[in-house]
Amino acid sequence: MLVTLTFGLLFVLFILLKLILIVEMREVCIIERLGKFRAVMQPGVHFLIPFIDRVAYRHETREQVLDIPAQSCISKDNIQINVDGLVYIKVMDGMKASYGIEDYRNASVNLAQTTMRSEIGKLNLSETFSERDKLNETIVTEIDKASDPWGIKVLRYEVKNITPSPNVIHTLEKQMEAEREKRAEITLAEAERESTINLSEGQRQEAINLSEGDKQRQINEAEGRAREIEILTQASAEGVNMIAKAALKEGGDKAIKMRLLEQYIQQTGDILATADVSVLPAEIAKLEGFFDGMEKVTATTQGGQA
């Protein structure tokens, strides 16, 4: 009797488990009745017909992250690189996810790999690094188009690593070193060029400044001489006017003659003091010539007598 009661309780419990379905908030359940699709059960409590209805599939409704394994790709410039990434998907239609594809996760990963390999082949090596955002958007668009019949939505794709082969890395390092040396040489050449230009500009400016200074000096000297001549001319004119006025007075002509005689004597003395040769007035020069002639005659006469 106890054994029968125990089996009866277990049977009732089994029936209750088959009768009541509790769907959690993070999932949806696909119900089949006698092997045929019946309904998509949303989160909550549902009642089933035991042995007739069954839960065929359970799908995660939260956003899922699938790791894309690294794979070898060939870029547009024939360089081999290894690329891996992450794809973010979400189940939007439980029925399509159950009957539209066998395994939407595996299909999403394979589709992401093939799409990534195709898009990498359209880009150069440098573009795969600089246009990573564009690459991600293109892969998302292509995967989303293909995965629409599967009842899933591809939210985004992220390239994790782009790794060239060791030989390519070695070649790139040499290329970068050559580029650095080239830039250094260009910088030095530019610096030397700028230095030469600055030096020539300095010399040019110095020459301009010197010429401007010399020009200004000559102008100043010329203006000084002109001013001196002007002052002397004015002084001479005033002197002449004064002399003319004095000459009109009584005894003025005698005073003028006396003044001229004084100037003549003073200038003659100045000439005699500074000249390297004997400079005499005409009358004295004639007298000096007479005595020289007398000396020569006397010397000749004395020689004849001897």
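Reckoned from all heavy atoms, side chains included, excluding hydrogens, waters and symmetry mates. Sequential numbering from 1 along the given sequence is applied to the chain's residues. Just so it is clear, the structure is predicted and the values come from calculations on it, not from any experiment.
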- Query: Hey, does V45 have a side-chain heavy atom less than 4.5 Å from the side chain of I20?
  - Reply: yes
- Message: Any carboxylate oxygen within less than 4.0 angstrom of a Lys/Arg side-chain nitrogen, looking at D67 and K160?
- Response: yes
- Measure the OG1-CD distance between T138 and E131 for me, rounded to the nearest 0.5 Å. 9.0 Å
- Is a salt bridge present between E119 and K122, judged by a nitrogen-to-oxygen distance below 4.0 Å? yes
- Is a side-chain donor-acceptor pair under 3.5 Å present for N209 with Q205? yes
- Query: Can you tell if the side chain of S75 reaches within under 4.5 Å of the side chain of N124, non-hydrogen atoms only?
  - Reply: no
- Quick one: OG on S211 to CD on Q218, what's the gap to the nearest 0.5 Å? 10.5 Å
- Message: Are I143 and V159 connected into the same hydrophobic cluster when the rule is that any two of I, L, V, M, F, W, Y join if their side-chain heavy atoms are below 4.5 Å apart?
- Response: yes
- Query: Are the side chain of N110 and the backbone N or O of N106 linked by a donor-acceptor pair below 3.5 Å?
  - Reply: yes
- Donor-acceptor contact below 3.5 Å, side chain S195 vs main chain A191: no
- Task: Kindly check if the number of other-residue, nucleotide or ligand heavy atoms within 6.0 Å of CZ (R217) is above 12?
- Result: yes
- Task: Carefully, step by step, assess K153 and L155 under the rule side-chain contact (heavy atoms from CB on, under 4.5 Å).
- Result: CA-CA 6 Å; K153 175 70 175 177; L155 302 177; 3.7 Å; yes
- Indicate yes or no: does R180 engage E177 in a salt bridge with an N to O separation below 4.0 Å. yes
- Message: Evaluate I30 against S98 for side-chain contact (heavy atoms from CB on, under 4.5 Å), listing each step before the verdict.
- Response: CA-CA 8 Å; I30 306 301; S98 301; 3.2 Å; yes
- Query: Could you state the interatomic distance from CD1 (I219) to CD (E212), rounded to the nearest 0.5 Å?
  - Reply: 8.5 Å
- Message: I'd like to know if the side chain of Y57 pairs up with that of E27 as donor and acceptor (distance under 3.5 Å, no hydrogens or angles considered).
- Response: no
- From CZ (R193) to CG (L188), nearest 0.5 Å: 14.5 Å
- Message: If I compare all heavy atoms of I162 with all of T128, which pair ends up nearest, and what's the gap?
- Response: CD1-O, 3.3 Å
- Message: Would you say CZ of R26 has more than 12 non-hydrogen atoms from neighbouring residues, nucleotides or ligands within 6.0 angstrom?
- Response: yes
- Check the pair D84, Q71 against side-chain contact (heavy atoms from CB on, under 4.5 Å), reporting the backbone distance first and the verdict last. CA-CA 6 Å; D84 60 354; Q71 62 174 335; over 6 Å; no
- Note on the structure: Scanning both residues in full, the closest heavy-atom pair of N82 with S72 reads OD1-CA, 3.5 Å
- Going by an N to O cut-off under 4.0 Å, is there a salt bridge joining E137 and R132? no
- Query: When you look at N198 and E194, which way does the side-chain hydrogen bond (donor to acceptor under 3.5 Å, both in side chains) test go after all the steps?
  - Reply: CA-CA 6 Å; N198 293 335; E194 290 294 332; 4.7 Å; no
- So does E221 have more than 12 non-hydrogen atoms from other groups sitting under 6.0 Å from CD? yes
- Message: Let's go through I120 and I81 carefully: what are the C-alpha distance in whole Å and the side-chain angles of both, what is the deciding distance for side-chain contact (heavy atoms from CB on, under 4.5 Å) to 0.1 Å, and is it a yes or a no?
- Response: CA-CA 9 Å; I120 289 292; I81 54 178; 3.7 Å; yes
- Task: Treating Ile, Leu, Val, Met, Phe, Trp and Tyr as nodes and any side-chain heavy-atom pair under 4.5 angstrom as an edge, say whether W150 and M95 lie in one connected cluster.
- Result: no
- Donor-acceptor pair between T163 and N161 side chains, under 3.5 angstrom: no
- Query: Does a sphere of radius 6.0 Å around CD in E192 hold more than 12 heavy atoms from other residues, nucleotides or ligands, not counting ones at 6.0 Å or beyond?
  - Reply: no
- Query: Just wondering, do I31 and R38 contact through their side chains at under 4.5 Å, heavy atoms?
  - Reply: yes
- Report yes or no: do Y99 and V28 belong to one cluster of Ile/Leu/Val/Met/Phe/Trp/Tyr joined by side chain heavy-atom distances under 4.5 Å? yes
- Query: Under 4.0 Å between a Lys/Arg side-chain N and an Asp/Glu carboxylate O for K182 and E185?
  - Reply: no
- Taking T115 for the side chain and A112 for the main chain, is one N or O donor matched with an acceptor at less than 3.5 Å? no
- Which heavy-atom pair separates M25 from T61 by the least distance, and what is that distance? O-OG1, 3.9 Å
- Item | Pair R54-E32, salt bridge (charged side-chain N to carboxylate O under 4.0 Å, His left out): steps then yes or no | CA-CA 6 Å; R54 74 181 186 91; E32 291 182 352; 3.0 Å; yes
- Closest heavy-atom pair and its distance - R117, C73: CA-SG, 3.9 Å
- If you draw a 6.0 Å radius around CD1 in I22, do more than 12 non-hydrogen atoms from other residues or ligands fall strictly inside? no
- Message: Does any part of the side chain of E60, heavy atoms only, come nearer than 4.5 Å to the side chain of V91, both counted from C-beta?
- Response: no
- Check the pair Y157, E142 against side-chain hydrogen bond (donor to acceptor under 3.5 Å, both in side chains), reporting the backbone distance first and the verdict last. CA-CA 11 Å; Y157 181 88; E142 295 298 326; over 6 Å; no
- Message: Hydrophobic clusters here meaning ILVMFWY residues chained together by side-chain heavy-atom distances under 4.5 Å, can you tell me if Y88 and V83 are in one?
- Response: no
- Item | Distance in Å, L21 CG paired with D53 CG, rounded so as to fall on 0.5 Å steps | 10.0 Å
- Return the minimal non-hydrogen interatomic distance between L66 and R105, and the atom names on each side. CD1-O, 3.7 Å
- Report yes or no: do M92 and V87 belong to one cluster of Ile/Leu/Val/Met/Phe/Trp/Tyr joined by side chain heavy-atom distances under 4.5 Å? no
- Backbone of V140 reached by a side-chain donor or acceptor of D144 within 3.5 Å: no
- Kindly give the heavy-atom pair with the smallest separation between V23 and Q42, and that separation in Å. CB-O, 3.4 Å
- Message: Working to the nearest 0.5 angstrom, can you tell me the gap between K96 NZ and S147 OG?
- Response: 10.5 Å
- How about K90 and I152: do any of their side-chain heavy atoms sit closer than 4.5 Å? no
